[in-house]
Amino acid sequence: MEIAIISGKGGTGKSSITAAFASIANNVVLADCDVDAANMHIIMNPTVEEQSVYIAGEKAVIDYSKCNSCRICTEYCRFEAMTISENKVSIDSVNCDGCRLCERVCPVSAISMEKRDKSRMYSGSFRFGKMVFGILYPGEENSGKLVAIVRRKAKEIATLHKIDHILIDSPPGIGCSLISSITGVDKVVIVTEPSMSAFSDLIRTVELVSKFNTELSIVINKSDLCQQITDEIITYCYQNKFKLAGTIKFDPEIVYAMVNCMTINEWKPDSETSNTLKQIYNSIIN
Amino acid sequence: MIVAVASGKGGTGKTLIATNLFALLSKASYNVNLADCDAEEPNSLIFFKSTKESASEVRQMLPLFEPEACTYCGKCEEYCNYNAIFLLPEKRIFRLIEDLCHGCGACTYACKFDALKETEISLGEVGMYRVNSKSKLVEGRLRVGALTPVPVIKETIKASLDSEIVILDAPPGTSCPFIHTISKADYVLLVTEPTPFGLNDLKLSIQIVRQMEKPFSVIINRAGLGSDDVYKYLKKEKIKISMELQFDKEIAMIYSSGKLVIESRADIYQKFVKLSESIIHN
């Protein structure tokens with residue numbers, strides 16, 4: 001069973017909660033799919049057993065010994081990557097999308113593609129089972145594809161080691177990497193918090209998730225920071241018949257657990273927060 | 001001057017900083033625009049009373065298949081660098097996997113038989129909102145279900161440039177949406193929190209802004225919650241801290257309810273005055 005823990009808005013506590021779930025479930029495959037800003041390995045300190053290179057696309061480069069400044073490439077590029085100054089064509093590597101059309105249209109073969117090969121995928125063991133995480137090299141692209149590869153690896157490991165549960169820590173937002181992290185999963189858990197921003201993001205996230213045939217649960221973190229909005233979110237869940245798996249009060253110990261590289265359930269196992277998280281996890285998987 | 005407010009990690013307080021800075025400058029009669037570049041989850045608008053002036057749709061091209069003209073030669077499949085075209089010539093099957101298509105036009109260029117025309121899909125919208133006579137908020141909003149916010153972000157920034165000062169509320173992460181926003185900025189404010197996750201993601205963001213040779217400084221939000229590792233790191237790297245906001249439940253509650261912190265907290269107002277002076281005179 002694949003469970004994706006997501007949140008439209010960043011910083012709602014998604015990763016801390018995913019980490020807590022891993023320690024509650026025990027024997028899981030944990031897939032850190034927030035490949036832009038992977039964090040789970042900081043708490044979990046896994047032993048890496050395997051790593052592979054991820055090619056995050058290509059970028060066009062010009063060989064000026066061949067370029068005759070005919071500018072045909074500039075007419076075809078749709079990503080505003082080709083600029084001309086003083087009769088010299090240059091490629092803006094930020095805008096280049098790696099489509100290769102400029103290379104194909106160049107009559108003198110002056111353009112070639114350079115691979116982006118600094119991103120990595122790691123897998124290994126940690127204290128609650130197996131772990132897979134992707135680290136996108138800062139500035140490299142195509143994070144959605146890396147997410148898909150991390151999930152594929154997590155499934156392979158789960159089958160090989162006969163592990164039932166895969167927990168996916170997803171990226172924020174609702175774009176390609178998030179879509180890639182929830183496509184085809186069994187359950188989606190949205191972690192939100194009581195702020196107008198998070199509520200607005202929750203509605204957009206729910207709209208996206210409802211396009212997929214998956215079971216949805218909602219968790220409200222830091223619920224006491226604004227009780228009024230918490231109540232509004234609860235009403236919203238009730239009216240739309242969304243499963244509210246639970247609410248968690250603001251607890252600075254979650255931060256201190258992280259500082260000590262532990263999950264909250266390891267750091268303060270008998271605290272109210274840890275007990276609430278156990279109930280929430282059980283409510284989600286059942 | 002274009003100032004990007006950014007952070008690798010989500011939820012560190014980018015929007016808090018961007019909206020309060022914008023409000024302060026707009027009240028001080030600067031010509032200032034705020035561009036909400038977090039097109040996947042735009043939130044800046046929540047904090048302002050504004051009137052919508054106009055909106056424009058951002059579109060992406062998609063190939064449109066004309067089966068009668070197709071010879072199933074396979075050239076389009078070969079030219080597509082995103083694996084978005086799936087072809088079975090012997091069964092005369094052509095499939096476009098829309099989610100993988102970037103609308104680059106390589107397939108239509110490849111086709112010599114006019115079997116691929118083009119159509120457009122909507123990626124989202126850029127909305128222009130008037131806040132007062134000298135300032136407006138430009139919001140990029142990705143259509144739910146659309147994959148890439150990058151074209152929406154590019155158009156949002158373009159629409160916000162007609163002002164002396166432009167503040168960009170950047171999307172989280174360190175990949176394409178973040179890079180595209182930062183690339184347009186003259187100065188970057190990186191917002192972090194003193195937690196291990198915050199520090200890890202701050203280091204990634206710093207790596208990028210340094211590669212891009214952008215001047216930057218760091219804002220520490222929720223100071224006091226976490227550890228002092230971020231301070232040690234910034235000291236070692238000789239990176240300037242341009243503002244520090246203590247963790248304060250009241251600030252969290254003001255922000256939660258969609259209000260501007262500078263309007264109800266004089267101490268925070270003073271901090272933003274200093275911040276704006278340090279940026280403008282930078």
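Residue numbers start from 1 in every chain, and the chains themselves are labelled A, B, ... in the order their sequence lines are given, proteins ahead of strands. The figures here come from the full heavy-atom set of this structure, side chains too, leaving out hydrogens, waters and symmetry mates.
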Check for me whether B:K203 meets the cation-pi criterion with B:Y233, that is, NZ or CZ under 6.0 Å from the six-membered ring centre and within 45 degrees of the ring axis. yes
Interface residue of largest heavy-atom contact number with chain A, from B:G226, B:S183, B:A39, under 4.5 Å: B:G226
What part of A:D34 gets within 4.5 angstrom of chain B, counting heavy atoms only: side chain, backbone, both, or neither? neither
Backbone of B:G198 reached by a side-chain donor or acceptor of B:T192 within 3.5 Å: yes
Taking side chain as everything from C-beta outward and backbone as N, CA, C, O, which of these in B:P42 sits under 4.5 Å from a heavy atom of chain A? Side chain, backbone, both or neither. both
Is there a donor-acceptor contact under 3.5 Å from the side chain of A:K9 to the main chain of B:E41? no
Between B:E193 and B:R222, is the closest basic N to carboxylate O distance under 4.0 Å? yes
Relative to chain B, which segment of A:S143 carries a heavy atom at a distance below 4.5 Å: side chain, backbone, both, or neither? side chain
Are the side chain of B:K75 and the backbone N or O of B:K112 linked by a donor-acceptor pair below 3.5 Å? no
Under a 4.5 Å heavy-atom cutoff, which of B:L225, B:T12, B:T195 has the most pairs with chain A? B:L225
Segment of B:P196 engaging chain A (4.5 angstrom heavy-atom cut-off): both
Pair B:E125 + B:K52: basic N to acidic O under 4.0 Å: yes
Any donor-acceptor pair under 3.5 Å linking the side chain of B:K154 with the backbone of A:F79? yes
Contacting moiety of A:E140, where chain B heavy atoms sit under 4.5 Å: backbone
By a 4.5 Å heavy-atom criterion (distance strictly below it), what part of B:Y109 contacts chain A: side chain, backbone, both, or neither? side chain
So, A:D32 side chain and A:M40 main chain: donor-acceptor pair closer than 3.5 Å or not? yes
More than 12 non-hydrogen atoms from neighbouring residues, nucleotides or ligands closer than 6.0 Å to CG on B:D229, yes or no? yes
Interchain contact, A:V105 with chain B, by part (heavy-atom threshold 4.5 Å): both
So does B:E40 get a backbone contact from the side chain of A:R204, meaning a donor-acceptor N/O pair under 3.5 Å? yes
Do B:C104 and B:Y82 have side chains that get closer than 4.5 Å, going by heavy atoms? yes
If I measure from the heavy atoms of chain A, does B:F247 come under 4.5 Å with its side chain, its backbone, both, or neither? side chain
Exactly one of B:I208, B:T174, B:I153 clears side-chain contact (heavy atoms from CB on, under 4.5 Å) with B:I179, and that residue is B:I208
Could you tell me which portion of B:A110 (side chain, backbone, both or neither) has an atom closer than 4.5 angstrom to a non-hydrogen atom of chain A? neither
Which of A:T205, A:I42, A:D92 touches chain B most, by non-hydrogen pairs under 4.5 Å: A:I42
Segment of A:P172 engaging chain B (4.5 angstrom heavy-atom cut-off): both
Check each atom of A:L208 against the heavy atoms of chain B and say whether the ones under 4.5 Å are side chain, backbone, both or neither. both
For A:N260, is it the side chain, the backbone, both, or neither that has a heavy atom closer than 4.5 Å to a heavy atom of chain B? neither
Using a 6.0 Å cut-off, check whether atom CD of B:E237 has over 12 heavy atoms from anything other than its own residue. yes
What part of B:K14 gets closer than 4.5 Å to chain A, counting heavy atoms only: side chain, backbone, both or neither? neither
With a 4.5 angstrom heavy-atom cut-off, could you sort out which part of B:A146 is near chain A: side chain, backbone, both or neither? backbone
Exam field: side chain B:N81 to backbone A:R100, donor-acceptor pair closer than 3.5 Å: no
Side chain, backbone, both or neither: which part of B:S227 has a non-hydrogen atom closer than 4.5 Å to chain A? both
Any non-hydrogen side-chain atom of B:F48 less than 4.5 Å from a side-chain atom of B:L34? yes
Can you tell me which portion of B:F197 sits under 4.5 Å from chain A's heavy atoms? Options are side chain, backbone, both or neither. both
Please classify the contact of A:A38 with chain B as side chain, backbone, both or neither, using a heavy-atom distance under 4.5 Å. backbone
Between chain B and each of A:S180, A:C176, A:C261, A:S7, count heavy-atom pairs under 4.5 Å; write down the option with the most. A:C176
Looking at B:P149, B:G105, B:P177, which makes the most heavy-atom pairs under 4.5 Å with chain A? B:G105
Which one of B:R141, B:M61, B:M212, B:K9 has the most heavy-atom pairs closer than 4.5 Å to chain A? B:R141
Heavy-atom distances under 4.5 Å only: say whether A:L225 touches chain B with side chain, backbone, both or neither. both
Is the backbone of A:E193 close enough, under 3.5 Å, to the side chain of A:K222 for a donor and an acceptor to pair up by distance? no
So what's closer than 4.5 Å to chain B heavy atoms on A:Y137: side chain, backbone, both or neither? side chain
Under 4.5 Å, counting heavy-atom pairs only, tell me which of B:V144, B:T148, B:L204 racks up the most with chain A. B:V144
Contact leader toward chain A among B:P151, B:P172, B:G103, where contacts are heavy-atom pairs under 4.5 Å: B:G103
Where does B:Q211 contact chain A at under 4.5 Å (heavy atoms): side chain, backbone, both or neither? side chain
For A:I174, is it the side chain, the backbone, both, or neither that has a heavy atom closer than 4.5 Å to a heavy atom of chain B? both
